[in-house]
Amino acid sequence: MTLEIKDLFVSVEENMILQGVNLTVKGGETHAIMGPNGTGKSTLASICMGHPKYKIESGDILLDGISIVDKSVDERSRMGIFLAMQNPTEVPGVTNFDFVKAAKQTRMEEGKHLRVGKFILEFEDASTDLKMGKGLAHRFLNQGFSGGEKKRNEILQMKLLNPKVAFLDEIDSGLDVDALRIVGENVTNLKSDDLGLVLITHYQRLLDYIVPDFVHVMINGKIVKTGGLDLITKIDQEGYDWVKSELGITDFDKKKAPVSLGTCATKSSFK
């Protein structure tokens, strides 16, 4: 698996958000993208998943050599792209089990059908791993869930759908120490040569549990620096001001115009 983001420029409501992003993620690799608020980290994940609010001005996104910029969210999902969202949507009337079962079925070859009995056991095992409690299968999707439960539910879906590349957008926000450990351990256990991970986070604490191979700093819509674990330590100790000085970034604190992203119609659009 190889995801290639090539010189990507993206706007929303006539505001340029991404300004020439280049990134390659291969199977078996874990990439962490860090940076101040409003620098385009979540935009990058959303545009790769196909959020309709964003417009690609130029550049390309390729999965295994195939451009996906003209493909629908559903097509991208079935090709193997997954987004664990920062603010998962509640979907009344649709149970957790039915949602994931339907998503799983759409990924199967035509004429093949999901073995429901086996999948029930897989669902229960994943629920147990994530400490989601009994009755999860019959609860409506994210309805009445705490913030931490919603984030763990995203990882449960990831475990069951087996994507090729997964974007985890601030999956650590809203998690207490125990929930963060559970999420971190489950994601780490999913690491394989068949999965590329992109972690979007502000904090080192997530990266204590999910150790990245590459760390990228994004500022003003660009990846301006790439390093390893030493880069995380420096950011944790000194913030991002040193990047401004080192790279001569003069508009580091430039205020951006407010952008309204609206609300996604359904959660299933992003799986």
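All residue numbers in this chain count up from 1 along the given sequence.
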*asked:* Count I, L, V, M, F, W, Y as connected when their side-chain heavy atoms are under 4.5 Å apart, and connections chain through other members. Are Phe99 and Phe140 then in the same cluster?
replied: no
*Side chains of Asp64 and Leu3: does their closest heavy-atom pair fall under 4.5 Å?*
no
*Which of parallel (below 30°), tilted (30 to 60°) and perpendicular (above 60°) describes His216 and Phe214?*
parallel
*Going hydrophobic residue to hydrophobic residue with side-chain gaps under 4.5 angstrom, can you get from Leu161 over to Val94?*
yes
*asked:* Can a donor-acceptor pair be found, under 3.5 Å and without considering hydrogens, that links the side chain of Tyr240 to the backbone of Ile235?
replied: no
*Go through the structure and list residues passing ring pair (Phe, Tyr, Trp, His ring centres under 6.0 Å) with Phe97, not counting sequence neighbours.*
Phe119, Phe123
*When you measure from the side chain of Arg152 to the backbone N and O of Lys131, does any donor-acceptor pair fall under 3.5 Å?*
yes
*Can you check whether Ser173's main-chain N or O pairs, donor with acceptor, with Lys151's side chain at less than 3.5 Å?*
yes
*Report yes if some heavy atom in the side chain of Leu18 is under 4.5 Å from a heavy atom in the side chain of Phe9; otherwise report no.*
no
*asked:* Show the nearest heavy-atom pair for residues Asp7 and Gly20, with the distance to one decimal.
replied: OD1-CA, 3.6 Å
*Could you check Phe82 against Gln157 for side chain to side chain contact (heavy atoms under 4.5 Å, CB included), going step by step and ending with a plain yes or no?*
CA-CA 9 Å; Phe82 178 93; Gln157 293 165 26; 4.1 Å; yes
*asked:* For Asn87, give me all partners under side-chain contact (heavy atoms from CB on, under 4.5 Å), at least two apart in sequence or on another chain.
replied: none
*Report the C-alpha distance between Val224 and Met218 in whole Å, list the side-chain angles of each, state the deciding distance to 0.1 Å, and finish with yes or no for side chain to side chain contact (heavy atoms under 4.5 Å, CB included).*
CA-CA 6 Å; Val224 298; Met218 180 176 280; over 6 Å; no
*Short question: side chain of Arg76, backbone of Val69 - any donor-acceptor pair under 3.5 Å?*
yes
*Report yes if some heavy atom in the side chain of Glu90 is under 4.5 Å from a heavy atom in the side chain of Lys150; otherwise report no.*
yes
_Asn37 and His202 side chains, donor-acceptor separation under 3.5 Å_ = yes
*side-chain contact (heavy atoms from CB on, under 4.5 Å), paired with Met34, selected from Leu207, Leu231, Ile219*: Leu207
*Is the shortest heavy-atom distance from the side chain of Ile155 to the side chain of Val187 under 4.5 Å?*
yes
*Check: His138/Thr95 side-chain N/O donor and acceptor closer than 3.5 Å*: no
*Do Leu62 and Ile56 sit in the same hydrophobic cluster, where Ile, Leu, Val, Met, Phe, Trp and Tyr count as joined when their side-chain heavy atoms come under 4.5 Å apart?*
no
*Give a yes or no on whether the backbone of Ile182 and the side-chain of Asn186 come within a donor-acceptor separation of less than 3.5 Å.*
yes
_Closest contact, heavy atoms only, Tyr203 versus Asp172_ = CD1-OD2, 3.8 Å
*Salt-bridge test for Glu29 and Lys191: reply yes if a basic N is under 4.0 Å from a carboxylate O, no otherwise.*
no
_Side chain to side chain, Ile232 and Pro212, heavy atoms closer than 4.5 Å_ = yes
*Atom CG of Asn142 and atom CG of Asn96: how far apart are they, to the nearest 0.5 Å?*
6.5 Å
_Tell me whether Asn189 at atom CG has more than 12 heavy atoms from other residues, nucleotides or ligands lying less than 6.0 Å away._
yes
*Might you point out which heavy atoms bring Leu83 and Ala45 nearest each other, and give the distance in Å?*
CD1-CB, 3.9 Å
*Among the clusters formed by ILVMFWY side chains lying less than 4.5 Å apart, do Tyr209 and Leu229 turn up in the same one?*
yes
*Mind checking the OG-CD spacing from Ser58 to Gln19? Nearest 0.5 Å is all I need.*
10.5 Å
*asked:* Can you give me the closest heavy-atom contact between Leu190 and Lys159, atom names plus distance?
replied: CD1-CG, 3.5 Å
*About how many Å separate NZ of Lys55 and CG of Asn15, when rounded to the nearest 0.5 Å?*
13.0 Å
*Could you tell me whether the side chain of Ile5 reaches within less than 4.5 Å of the side chain of Asn22, counting heavy atoms only?*
no
*Kindly compute the distance separating CD1 (Ile66) from CD (Glu75), expressed to the nearest 0.5 Å.*
11.0 Å
*Roughly how far, to the nearest 0.5 Å, is OG of Ser42 from CD of Gln86?*
4.5 Å
*Between Glu246 and Lys225, does at least one N-O distance fall below 4.0 Å, as a salt bridge requires?*
yes
*Taking the side chain as C-beta and beyond, is there a heavy-atom pair between Leu195 and Pro163 under 4.5 Å?*
yes
*Any chance you could lay out the side chain to side chain contact (heavy atoms under 4.5 Å, CB included) test for Glu122 and Val100, step after step, and finish with the verdict?*
CA-CA 11 Å; Glu122 292 175 358; Val100 184; over 6 Å; no
*asked:* Hydrogens and angles aside, do Glu57 and Ser11 bring a side-chain donor and acceptor to less than 3.5 Å of each other?
replied: yes
*Got a donor-acceptor contact below 3.5 angstrom from the Thr39 side chain to the Gly35 backbone?*
no
*Met79/Lys71 under side chain to side chain contact (heavy atoms under 4.5 Å, CB included): CA gap, chis, key distance, verdict*: CA-CA 10 Å; Met79 288 176 70; Lys71 296 189 181 298; 3.4 Å; yes
*Looking at Ile17 and Gly40, what are the two nearest heavy atoms and their distance?*
CG2-CA, 4.0 Å
*asked:* Taking the basic N atoms (NZ, or NE/NH1/NH2) and the acidic carboxylate oxygens, is any pair closer than 4.0 Å for Arg78 and Asp74?
replied: yes
_Tell me whether Arg107 contacts the main-chain N or O of Ala103 through its side chain, where contact means a donor paired with an acceptor under 3.5 Å._
yes
*Indicate the atoms forming the closest heavy-atom contact of Leu175 with Val183, along with that distance.*
CD1-CG2, 3.8 Å
*Would you call Asp193 and Lys26 a salt bridge, using N to O less than 4.0 angstrom?*
no
*Inspect the surroundings of CD in Glu238 and state if more than 12 heavy atoms from other residues, nucleotides or ligands are less than 6.0 Å away.*
yes
*Over 12 foreign heavy atoms within 6.0 Å of NZ, Lys104*: yes
_Under 3.5 Å side-chain donor-acceptor pair for Thr24 and Lys6_ = no
*Short side-chain to backbone donor-acceptor contact, Gln105 and Leu114, under 3.5 Å*: yes
*For residues Asn153 and Glu149, determine if any side-chain heavy atom of one lies less than 4.5 Å from a side-chain heavy atom of the other.*
no
_Interatomic distance, Leu44 atom CG to Leu8 atom CG [nearest 0.5 angstrom]_ = 7.0 Å
